[in-house]
Enquirer: 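Got a structure for you, written out below as structure tokens; questions coming shortly.
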Amino acid sequence: MQNDSGRRKFLKSFLSVGAAIPFLSSPPPYMAKNPIRKKGKQSLILTSRGKGGNWGEKVLTNGWQAYEKTGDMMDGVIGGANVVELDPTDMSVGYGGLPNEDGVVQLDSSVMHGPTYNAGAVGALEHIKTASKIARLVMERSDHVMLVGEGALDFALAHGFKKENLLTEEARVRWLQWKENLSDSDDWFPRKDGDYKREIRQTGTINVLGIDENGDIFGVTTTSGLSYKIPGRVGDSPIIGAGLYVDNDVGACGATGRGEAVMKICGSFLVVENMRRGMSPKEAIENACKRIVDHNHGKVNFNDQFTALNKDGECYRGQIRGYGKGAGPEYSIATKDGVETLRGGSFLK
Ligand code: ASP
């Protein structure tokens, strides 16, 4: 029988053989479009953030610097995501994220590495600000794809991470206000001047996708998830194929918004498979949005967004807009020439 280290070596060599197999079939139709990379096979990083909070610029500047430093686009996409994870002013990702029903911050994240078709994820992770780094460790330093809850935390501690408080004062106050305003028949009373308006429960999340000059593709999704969720609820973000999917032959997609709806259609996988069949990122996203609308019999009272790029570096972000008004969602792209913010489309108002 093979011992464990034999098995590990076998797995690693299997992976590298797999990664080296060339793409044998004739080029699919999307190869013909090639709008960005044809000009110079340039690397790019795409994020679901735009001008709001200047996040697009901040994320991509850090991501690009991390990429340039090591030449590894996995560092680029995670370096980008870390900016939001570590910043307490963003209340939808990492440190400062809004907590669950019990006032505890629980984070979800996933990463994918195109060249090896490998993946890692954590769900309901507490006490660690940079969930994306732990997802990457699960991918690179374990034989598993996903760890959740205490197991994910123990794994992070084993790798030298330290437990930290993720609940900022601002997030605690927002949570308490939500709790005290939930019902007038429980024992939690709001302040006398308390605001009885029910808040729309916040979603947020960030996707960062990258393609390097070899055409290899990488991705990360990270979030504190739906605010005030039931403890232990895991959204789409750490589910491979839902909140993130990367196929090195085709492209990548990440999702934000109501995770339950994205999970039920394997949203990011669907977008990538649509691109494999020849759709542009825009068409692929529109088709996935339509799938959600159809499955909900046309009644959509939530928002979902998909951000995608194909092997040629063509990028797009589109959304279903079940509530709220306004234009399509912003997204930003970094190349060696700098950062550009663009606006995508909405498919349902
Ligand atoms: N998709 C995330 C979730 O459902 C939340 C979000 O993107 O805002 O957990």
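Start at 1 and go down the list; that is how both ligands and their atoms are numbered.
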Enquirer: Suppose we measure from atom 9 (O) of ligand 1 to each protein heavy atom; which comes out shortest, and what is that distance?
Expert: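 Protein heavy atom at minimum distance: R233 NH1, 2.7 Å.
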Enquirer: Would a distance-only check, ignoring hydrogens and angles, find a side-chain to backbone donor-acceptor pair under 3.5 Å from K311 to G215?
Expert: yes
Enquirer: Between R277 and E273, is there a salt bridge with N-O shorter than 4.0 Å?
Expert: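 Looking at R277 together with E273, the answer is no, because their closest N to O distance does not fall below 4.0 Å.
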Enquirer: Within ligand 1, which atoms have a heavy atom of L226 less than 4.0 Å away?
Expert: 9 (O)
Enquirer: Hey, is T256 touching ligand 1 through its side chain, its backbone, both or neither, going by heavy atoms under 4.0 Å?
Expert: both
Enquirer: Does S92 have a non-hydrogen atom less than 4.0 Å from ligand 1?
Expert: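 No, S92 has no heavy atom closer than 4.0 Å to ligand 1.
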Enquirer: Please determine if G259 has a nitrogen or oxygen closer than 3.5 Å to a nitrogen or oxygen of ligand 1.
Expert: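 Min N/O separation from ligand 1 is below 3.5 Å for G259.
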Enquirer: State whether a side-chain donor-acceptor pair under 3.5 Å links N82 with S132.
Expert: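 Yes, because at least one side-chain N or O of N82 sits under 3.5 Å from a partner of the opposite role on S132.
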Enquirer: Hey, what's the ring geometry for W188 with W175, parallel, tilted or perpendicular (30° and 60° as the breaks)?
Expert: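 Perpendicular.
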Enquirer: Of all the atoms in ligand 1, which lie at a distance below 4.0 Å from a heavy atom belonging to G225?
Expert: 9 (O)
Enquirer: For the residue pair R258 and F302, would you count it as a cation-pi contact if the rule is NZ or CZ under 6.0 angstrom from the ring centre and within 45 degrees of the ring axis?
Expert: yes
Enquirer: Does E140 pair with R136 as a salt bridge, N-O distance under 4.0 Å?
Expert: yes
Enquirer: What is the nearest protein non-hydrogen atom to atom 8 (O) of ligand 1, stated with its residue, atom name and distance?
Expert: G204 N, 2.2 Å
Enquirer: Are D247 and R276 ion-paired here, with the side-chain N under 4.0 Å from a carboxylate O?
Expert: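 Judged by the 4.0 Å cut-off on N to carboxylate O distance, D247 and R276 do form a salt bridge.
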Enquirer: Given T205, V93, V234, D108, which has its nearest heavy atom closest to atom 5 (C) of ligand 1?
Expert: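 Nearest option to atom 5 (C) of ligand 1, by heavy atoms: T205.
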Enquirer: Output the list of atoms in ligand 1 that are nearer than 4.0 Å to some heavy atom of D236, sorted by atom number.
Expert: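 Under 4.0 Å from D236, ligand 1 has these atoms: 1 (N), 2 (C), 3 (C), 4 (O).
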Enquirer: Does any N/O atom on G257 come nearer than 3.5 Å to any N/O atom on ligand 1?
Expert: yes
